[in-house]
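Heads up: the structure comes next, in structure tokens.
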Amino acid sequence: MIQIENVSLSYREVPILSDITLSLGKGGITALVGPNGAGKSTLLSLIARLQPLQTGRILVDSLPVNSTASRILARRLAILRQGGAIASRLTVRQLVGFGRFPHHQGRPCAGDIAAVEAALEQFELQALAERFIDTLSGGQRQRAMVAMTFCQGTDYLLLDEPLNNLDMFHARQLMRSLRTIADERQRTAIIVLHDINQAATYADRIVAMRDGRVIADGTPATVLTEDNLEAVFGYRMQIRQIDGTPLVLQHL
Ligand SMILES: Nc1ncnc2c1ncn2[C@@H]1O[C@H](COP(=O)(O)OP(=O)(O)O)[C@@H](O)[C@H]1O
Ligand SMILES: [Mg+2]
């Protein structure tokens with residue numbers, strides 16, 4: 001379980017996160033949604049200790065992130081950062097293999113190599129395995145980055161806008177792969193999504209943020225109401241139920 005307790009953060013007196021308290025249990029997919037600047041990436045970066053906590057506490061499986069060694073945290077939790085830069089003269093297989101680093105510190109064993117193959121297969125990257133990263137399309141590169149994150153083998157996967165650059169086919173395929181690893185491998189995914197309907201369709205839980213606060217939190221059916229969406233995104237949108245899933249007509 002990831003416990004976020006009374007977490008606040010400000011840059012030069014400007015509040016970015018205000019007293020966030022959230023528990024994210026093991027298993028399933030949680031979608032973090034909200035407008036640009038809501039604090040979603042900042043919250044993920046605090047959970048993964050990419051920046052220090054200012055106020056409050058975050059525990060990952062009861063380990064306080066601010067006082068746990070990086071190599072221990074890296075075996076519980078993997079993060080894909082938004083727009084993270086990567087060295088491009090690497091093949092897809094080498095990039096995905098970097099995910100194993102916390103396990104072998106430079107000397108991969110047979111289990112590490114098998115994990116790389118499994119990740120390539122899970123994200124349908126076998127045909128691209130020997131390609132250099134800088135020869136891929138943005139969407140293919142994004143998929144390779146997600147596979148690297150998955151390959152780290154952690155219980156928790158934090159993915160910041162993994163659908164960026166993906167076409168409809170590959171966005172759907174990635175969400176389905178994430179659903180599979182949540183259902184069949186008991187991985188816990190916390191995903192920042194802009195496509196509210198991907199969240200409605202594939203997430204078990206939606207946490208909606210605005211201005212550094214959690215505005216709504218619950219199942220897609222409870223969070224995706226016209227009032228909540230207006231409170232989060234600032235305009236009114238229509239919602240239709242399709243086979244029990246609320247779908248948001250956000251473009252109208
Ligand atoms: N290093 C920084 N210095 C100052 N302000 C920042 C910094 N990083 C983010 N912010 C601000 O914090 C707010 C939240 O940013 P972010 O967490 O990236 O939002 P989101 O991911 O929801 O779009 C924004 O207003 C952003 O401008
Ligand atoms: Mg962000």
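When a ligand or atom number is given, it counts from 1 through the structure's own listing order. Throughout, numbering of the chain's residues begins at 1 and tracks the sequence. Both backbone and side-chain heavy atoms feed into the values below; hydrogens, waters and symmetry mates do not.
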Taking atom 19 (O) of ligand 1 as the reference point, report whether a protein heavy atom occurs under 4.0 Å from it. yes
Can you confirm whether some protein heavy atom lies under 4.0 Å from atom 26 (C) of ligand 1, or whether none does? no
Protein heavy-atom partner closest to [atom] - residue, atom, separation in Å:
| atom | result |
| --- | --- |
| atom 22 (O) of ligand 1 | K40 NZ, 2.7 Å |
| atom 7 (C) of ligand 1 | Y11 CE1, 3.0 Å |
| atom 15 (O) of ligand 1 | T42 OG1, 3.8 Å |

Proximity winner for atom 14 (C) of ligand 1, if only heavy atoms of S41, G37, P35 are counted: G37
Ligand 1-proximal atoms of I16, by part, heavy-atom distance under 4.0 Å: side chain
Closer than 2.8 Å to the Mg ion (ligand 2), what protein N/O/S atoms do you find?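 Only S41 OG, Q82 OE1 fall inside 2.8 Å of the Mg ion (ligand 2).
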Under 3.5 Å, is there a donor on one side chain and an acceptor on the other for [X] and [Y]?
| X | Y | result |
| --- | --- | --- |
| Q51 | S45 | yes |
| S23 | Q3 | no |
| E124 | Q173 | yes |
| R205 | T219 | no |
| Q238 | R240 | yes |

Does a salt bridge link D167 with R172, judged by any charged N lying under 4.0 Å from a carboxylate O?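 So D167 does not pair with R172 through a salt bridge.
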So, taking the atom named CZ in R179 and the one named CG in L174, what distance separates them when rounded to the nearest 0.5 Å? 13.0 Å
Looking at N36, which atoms of ligand 1 are within less than 4.0 Å of one of its heavy atoms? 23 (O)
What atoms of ligand 1 come closer than 4.0 angstrom to any heavy atom of A38?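 Every atom of ligand 1 under 4.0 Å from some heavy atom of A38: 19 (O), 20 (P), 22 (O).
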Criterion salt bridge (Lys or Arg N to Asp or Glu O under 4.0 Å) against D155, the qualifying member of R187, K26, R76, R185: K26
Over all heavy atoms of both residues, which pair between T149 and L157 is shortest? Give the atoms and the distance, please.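 Answer, listing the atom of T149 first, then L157: O-CD2, 3.5 Å.
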Chi angles and distances behind the salt bridge (Lys or Arg N to Asp or Glu O under 4.0 Å) call for R176, D183: CA-CA 10 Å; R176 289 165 72 107; D183 292 340; over 6 Å; no
If the contact criterion is a heavy-atom separation under 4.0 Å, does G34 count as touching ligand 1?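 No; G34 lies far enough from ligand 1 that no heavy-atom distance drops under 4.0 Å.
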Just to verify, what does N36 make a side-chain hydrogen bond (donor to acceptor under 3.5 Å, both in side chains) with, not counting sequence neighbours?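 Once residues adjacent in sequence are excluded, N36 has no partner under the side-chain hydrogen bond (donor to acceptor under 3.5 Å, both in side chains) criterion.
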